[in-house]
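Single-structure report; data block below.
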Amino acid sequence: MKKKLYACAAGIVASWTIAASYASAAAYTVKPGDSLWSIATANNTTVQQLMAANQLKSSWIYPGQVLQIPDAYSTVYIAKDDDTMWKISQKFGVPLQALINANPQIKNPNNIWGGLTITIPAKPAAYLYGRFPLNKGTYQPFTDNYGDERTWSPDGQTSRGHTGVDIFADKGTPVYSVLDGKVVNFGWNEYGGWRITIQVDSSTAFYYAHMSKYAPGMKLGAQVKKGQLIGYVGNTGYGPVGTEGKFLPHLHFGIYKTNVSPWSTVDPYKYLRWWELNNG
């Protein structure tokens, strides 16, 4: 379920404890009258996935209990008696380490038994070997906020859909290129602040926005390698050149299809999640 997310007022200062775990879930506090079914339905998941994500032995929950809402871009598999994590990874075509990373509730991945619930991460149709744009342990758990309402525009408050996914991190956190490519847009953008767009193939470009500064060598036309430092997290944008501080520092990551006019956006969450699981 999408929620409205508004830009924070200028001058807000925040410090975070960076989570080292994988960002497969968001927290939800149980309210009076809630059931696993109602929570699962409202969050585009299933009771079975909700129970697996929280290691619940029954459907009993209570007000004030904090549940982790599992990633909607995944499926559930019930292990058989002769299964191992390696066998399951082969069955679904998912790298073993990605499967292990997607199931942090399993304390010993060498100990699998029949009836155990295993989360199978969704495999994107392309760009399987991308590098997550931030280093593990340097950013907050992220959710799919593609399509959420945004209201700022150069002409005032105008409702529009969010065209990427925000990954919150401290200002100055290094940002890396997901894939090889060529810089096709560079410099200031009123919405994205200091941004960089990298064409990764004939039909697709990756967009990195709100950066505090660029890495040396970044310029229009530059050839960039996968994993190369391209800039640093910031909170620039939403105004003329140099505007910053209107929201918390984060990397806005977007995917654009460039073989249409105008360019169209793609929800990057499934890709980011896949790269995260495979980079750990």
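Both L96 and W274 are part of a single hydrophobic cluster, where members link through side-chain heavy atoms under 4.5 Å apart. When the side chains of ILVMFWY residues are joined at heavy-atom separations under 4.5 Å, either directly or via intervening members, Y232 and L251 end up in two distinct hydrophobic clusters. A continuous path of hydrophobic side-chain contacts links I100 to I120 [ILVMFWY only; heavy atoms under 4.5 Å]. A single hydrophobic cluster is not seen to contain both I78 and L99; linkage of ILVMFWY side chains at heavy-atom distances under 4.5 Å, directly or through other members, places them apart. If you chain together hydrophobic residues whose side chains sit under 4.5 Å apart, L220 and L229 never meet in one group.
Remark: S159 engages E149 in a side chain to side chain donor-acceptor pair (under 3.5 Å) (not counting sequence neighbours). The ring pair (Phe, Tyr, Trp, His ring centres under 6.0 Å) check on Y208 picks up F253, with sequence neighbours excluded. Evaluation of the ring pair (Phe, Tyr, Trp, His ring centres under 6.0 Å) rule for W188 yields W194 as partners, not counting sequence neighbours. Among residues two or more places apart in sequence or in another chain, the ring pair (Phe, Tyr, Trp, His ring centres under 6.0 Å) test is passed with F186 by Y214. Every side chain to side chain donor-acceptor pair (under 3.5 Å) that T258 has, sequence neighbours left out, goes to Q199. Under the ring pair (Phe, Tyr, Trp, His ring centres under 6.0 Å) criterion, W113 pairs with no residue at all, not counting sequence neighbours.
The hydrophobic cluster containing W60 also includes Y62, under a criterion of side-chain heavy atoms closer than 4.5 Å among ILVMFWY residues, counted directly or through chains of members. In this structure, W263 shares a hydrophobic cluster with V184, Y207, Y256, the cluster being traced through Ile, Leu, Val, Met, Phe, Trp and Tyr side chains under 4.5 angstrom apart.
Here the closest non-hydrogen pair linking S74 and P121 is CB-CA, 4.2 Å. The minimum heavy-atom distance linking T46 with Q49 is given by the pair OG1-N, 3.0 Å. The heavy-atom pair separating A222 from G217 by the smallest distance is CB-O, 3.7 Å.
Taken from OG1 in T236 to CE in M211, the straight-line distance is 8.0 Å, to the nearest 0.5 Å. Annotation: the span from N279 atom CG to N101 atom CG amounts to 9.5 Å, rounded to 0.5 Å. The distance from the CG atom of L56 to the CG atom of L67 is 6.5 Å, given to the nearest 0.5 Å. Atom CG of L277 and atom OG1 of T119 lie 10.0 Å apart (nearest 0.5 Å). Here CE of M51 is found 8.5 Å from CD of Q48. Values are rounded to the nearest 0.5 Å. Here OG of S58 is found 8.0 Å from CG of L36. Values are rounded to the nearest 0.5 Å.
The side-chain heavy atoms of I167 and V233, taken from C-beta on, include no pair separated by under 4.5 Å. Side-chain atoms of I69 and I39, non-hydrogen and from C-beta on, do get closer than 4.5 Å to each other. The shortest side-chain heavy-atom distance between V178 and Y271 does not fall under the 4.5 Å cut-off. Side-chain contact between L50 and W37 is absent, with no heavy-atom pair separated by less than 4.5 Å. Between F247 and H252 the shortest side-chain heavy-atom distance does not fall below 4.5 Å. Between D166 and L248 the shortest side-chain heavy-atom distance does not fall below 4.5 Å. The closest side-chain heavy-atom distance from H210 to N235 is not below 4.5 Å. Counting heavy atoms from C-beta on, the side chains of Y146 and K270 never come closer than 4.5 Å.
A donor-acceptor pair under 3.5 Å is formed between the side chain of R160 and the backbone N or O of W152. A donor-acceptor pair is defined here as one N or O able to donate and one able to accept, closer than 3.5 Å; no such pair exists between the side chain of T41 and the backbone of S38. Checked by atom type and distance alone, the side chain of H162 pairs as donor or acceptor with a backbone atom of N145 at under 3.5 Å.
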In a table with atom names and distances, give each donor-acceptor pair under 3.5 Å that connects a side chain of residues 122-134 to protein atoms at least two apart or in another chain.
{"residue": "K123", "atom": "NZ", "partner": "G93", "partner atom": "O", "Å": "3.0"}
{"residue": "Y127", "atom": "OH", "partner": "D201", "partner atom": "OD2", "Å": "2.5"}
{"residue": "Y127", "atom": "OH", "partner": "T204", "partner atom": "OG1", "Å": "2.6"}
{"residue": "R131", "atom": "NH2", "partner": "N135", "partner atom": "OD1", "Å": "2.6"}

Under 3.5 Å, which donor-acceptor pairs do the side chains of residues 80-91 form with other protein atoms, sequence neighbours left out?
{"residue": "K80", "atom": "NZ", "partner": "Y77", "partner atom": "OH", "Å": "3.4"}
{"residue": "D83", "atom": "OD2", "partner": "Y77", "partner atom": "OH", "Å": "2.7"}
{"residue": "D83", "atom": "OD2", "partner": "K80", "partner atom": "N", "Å": "2.7"}
{"residue": "T84", "atom": "OG1", "partner": "W86", "partner atom": "N", "Å": "3.4"}
{"residue": "T84", "atom": "OG1", "partner": "K87", "partner atom": "N", "Å": "3.0"}
{"residue": "K87", "atom": "NZ", "partner": "D82", "partner atom": "O", "Å": "3.0"}
{"residue": "S89", "atom": "OG", "partner": "W86", "partner atom": "O", "Å": "2.6"}

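Counted within 6.0 Å of NZ on K213, heavy atoms from surrounding residues, nucleotides or ligands total 12 or fewer; the atom is thus considered open.
Residue pairs meeting the side-chain hydrogen bond (donor to acceptor under 3.5 Å, both in side chains) criterion with at least one partner in residues 103-112, sequence neighbours excluded, are N103-Q105. Among pairs with a residue in residues 175-188, those fulfilling salt bridge (Lys or Arg N to Asp or Glu O under 4.0 Å) read D180-K225, at least two apart in sequence or across chains.
Ring geometry for F168 against H250 counts as tilted: the plane angle lies between 30° and 60°, on a 0 to 90° scale.
Results of the side-chain contact (heavy atoms from CB on, under 4.5 Å) test with D267 over D144, L272, I255 single out D144 as the only residue that passes. W275 pairs in a ring pair (Phe, Tyr, Trp, His ring centres under 6.0 Å) with only one of the listed residues (F206, Y176, F142), which is F206.
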Could you walk me through whether V224 and M218 satisfy the side chain to side chain contact (heavy atoms under 4.5 Å, CB included) test, starting with their C-alpha distance in whole Å, then the side-chain angles of each, then the deciding distance to 0.1 Å, before giving a yes or no? CA-CA 8 Å; V224 178; M218 293 300 103; 4.1 Å; yes
